Amino acid sequence: MYNINAVTNPSERQHSTPPATVGSGVFSSDEDLISVCKRLRRDIVTMIAKAGSGHPGGSLSAVEILTALYWKIMRHKPSDPQWPDRDRFILSKGHAAPVLYAALGECGYFPKSDWETLRQLDSHLQGHTERLTTHGVEMSAGSLGQGLSFAAGAALTGKLDNRSWRVYALLSDGECAEGQIWEAVIAAKQYKLDNLTAILDNNGVQLGGFTKDIMDIEPFNVKFEAFGWNVIEINGHDINQVLDALKKSQEVKGKPTMIIAHTIKGKGVSFMENTAEFHGKAPNAEQLEKALKELA
Ligand SMILES: Cc1ncc(C[n+]2csc(CCOP(=O)(O)OP(=O)(O)O)c2C)c(N)n1
């Protein structure tokens with residue numbers, strides 16, 4: 001197990017030597033991405049079931065987005081998580097940590113067996129992401145609304161330092177009720193952050209029900225356009241649409257891009273789809289078996 005030596009004061013935690021699992025190069029894979037997505041979904045439900053708690057719904061909705069980013073779009077080195085020239089991925093919806101842990105584990109940032117320790121006290125895989133303990137995690141998250149500000153700051157840093165790496169940030173629709181998101185939207189346009197691509201996992205469901213019933217923020221497209229962003233709308237479960245949108249965002253000059261990805265919360269597991277029930281609940285043994293059958 002990847003142990004952080006039971007350091008209890010988070011400020012004392014350090015990255016240990018990265019695991020040399022996939023050589024020293026930039027990650028690349030020719031694997032069929034639809035198979036990768038299925039595998040990530042199986043990883044997610046399995047690790048959450050083992051932990052007995054966690055957030056399957058918003059993890060499953062983002063699978064194609066992370067697969068496109070980590071398998072095809074981003075330049076990153078699992079053997080060197082702090083590689084200065086890496087593209088940065090910011091998971092603003094930190095409760096969806098399992099989808100990021102699944103992608104990072106599959107890419108070789110840490111042994112896959114670490115998933116079994118999800119949410120345990122001495123594990124580096126906490127319920128919400130922690131930058132100082134998990135290889136590949138760029139931002140400690142969990143308090144919604146902060147990730148776009150962090151991403152805009154990173155993108156501005158890249159511009160000021162004249163670096164070619166890009167920043168990708170994943171937001172969620174319920175999260176957009178946070179005012180800080182809109183402050184970041186304004187700032188990213190002001191600083192012409194065309195090295196920033198944000199992706200909105202627009203699954204329409206949050207912790208306690210449908211987003212439109214709790215705080216209706218739609219329509220997103222005209223709002224982001226009015227704030228000066230380039231906006232692309234896609235089906236977030238069509239991997240080719242996700243790839244195309246991400247590539248297009250790399251070509252845009254003078255403004256940031258928001259990809260509104262229409263997704264389904266709990267995608268891939270029938271009884272988790274489009275419901276708040278599995279926002280933050282682990283499947284029991286019987287439900288896990290059913291989920292894995294559906295994801296076979
Ligand atoms: C600032 C803040 N308020 C409330 C919460 C509690 N919370 C955790 S997840 C969640 C719902 C998130 O829904 P959404 O943003 O749509 O995410 P997704 O559906 O993609 O899981 C809430 C309210 C939080 N983590 N942070």
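Quick note: numbers below take in every heavy atom, side chains included, and nothing from hydrogens, waters or symmetry partners. Worth saying up front: this structure is predicted, and the values here are computed from it rather than measured. When a residue number appears, it is its place in the shown sequence, counting from 1.
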Would the distance check show the side chain of [X] and the main-chain N or O of [Y] forming a donor-acceptor pair, the cut-off being under 3.5 Å?
X: N203; Y: S61; result: no
X: K93; Y: G58; result: yes
X: Y101; Y: Q126; result: yes

| task | Let me know which of K248, K159, K189, K253 forms a salt bridge (charged side-chain N to carboxylate O under 4.0 Å, His left out) with D194. | result |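 Exactly one pass, corresponding to K159.
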Counting heavy atoms not belonging to [X], are there more than 12 under 6.0 Å from its [atom1]?
X: D213; atom1: CG; answer: yes
X: K223; atom1: NZ; answer: yes
X: I34; atom1: CD1; answer: no

Honestly curious: do [X] and [Y] fall in one hydrophobic cluster under the side-chain, below-4.5 Å linking rule?
X: L33; Y: F89; result: yes
X: V45; Y: L125; result: yes
X: L246; Y: Y70; result: yes
X: I260; Y: I199; result: no
X: I73; Y: V36; result: yes

Just checking, any donor-acceptor pair under 3.5 angstrom between side chains of [X] and [Y]?
X: S140; Y: E130; value: no
X: S172; Y: D201; value: no
X: N235; Y: Q241; value: no
X: E175; Y: S92; value: yes
X: E218; Y: N202; value: yes

Within the structure provided, determine whether [X] and [Y] are in side-chain contact (heavy-atom separation under 4.5 Å).
X: L200; Y: M258; answer: yes
X: Q180; Y: Q146; answer: yes
X: T257; Y: L196; answer: no
X: R86; Y: E138; answer: yes
X: R39; Y: E106; answer: yes
X: W165; Y: N195; answer: no
X: S59; Y: H95; answer: no
X: L243; Y: N240; answer: yes

Roughly how far apart are [X] [atom1] and [Y] [atom2], rounded to 0.5 Å?
X: T117; Y: F110; atom1: OG1; atom2: CZ; result: 8.5 Å
X: M139; Y: H128; atom1: CE; atom2: NE2; result: 11.0 Å
X: L40; Y: I44; atom1: CG; atom2: CD1; result: 6.0 Å
X: I214; Y: Q206; atom1: CD1; atom2: CD; result: 4.0 Å
X: R131; Y: T129; atom1: CZ; atom2: OG1; result: 11.0 Å
X: H279; Y: K281; atom1: NE2; atom2: NZ; result: 13.0 Å

| task | May I ask you to say whether E294 pairs ionically with R41, meaning some side-chain N is under 4.0 Å from a carboxylate O? | result |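 Result for this pair is no, no salt bridge flagged.
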| Is the shortest distance from a Lys or Arg side-chain nitrogen in K247 or E251 to a carboxylate oxygen in the other one below 4.0 Å? |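 No.
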Shortest non-hydrogen contact from [X] toward [Y]:
X: N230; Y: K255; value: N-CD, 3.7 Å
X: L118; Y: A51; value: O-CB, 3.5 Å
X: T263; Y: G236; value: CG2-CA, 3.9 Å
X: A151; Y: I90; value: CB-CG1, 3.9 Å
X: A261; Y: I65; value: CB-CD1, 4.0 Å
X: D85; Y: R163; value: OD1-NH2, 2.6 Å

In this structure, is the centre-to-centre distance between the rings of [Y] and [X] below 6.0 Å?
X: H76; Y: F27; result: yes
X: F278; Y: F271; result: yes
X: H262; Y: H237; result: no

| Does the pair S249 and T197 meet the rule for a side chain to side chain donor-acceptor pair (under 3.5 Å), with working shown? | CA-CA 6 Å; S249 77; T197 302; 2.8 Å; yes
| request: Using the side chain to side chain contact (heavy atoms under 4.5 Å, CB included) rule, take I217 and D173 through it: C-alpha gap first, then chi angles, then the decisive distance, then the call. | output: CA-CA 8 Å; I217 331 170; D173 54 328; 5.7 Å; no
| Of H55, M272, K265, E273, which is the lone residue that meets side-chain contact (heavy atoms from CB on, under 4.5 Å) with L60? |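 Of the listed residues H55, M272, K265, E273, the side-chain contact (heavy atoms from CB on, under 4.5 Å) partner of L60 is M272.
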| With Y168 via ring-ring contact (aromatic ring centres under 6.0 Å, His included) - residues at least two apart |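 ring-ring contact (aromatic ring centres under 6.0 Å, His included) check on Y168 returns nothing, list empty.
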| ring-ring contact (aromatic ring centres under 6.0 Å, His included) pairs, two or more places apart, involving residues 180-208 |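 Residue pairs passing ring-ring contact (aromatic ring centres under 6.0 Å, His included), neighbours aside: W182-F224, W182-F227.
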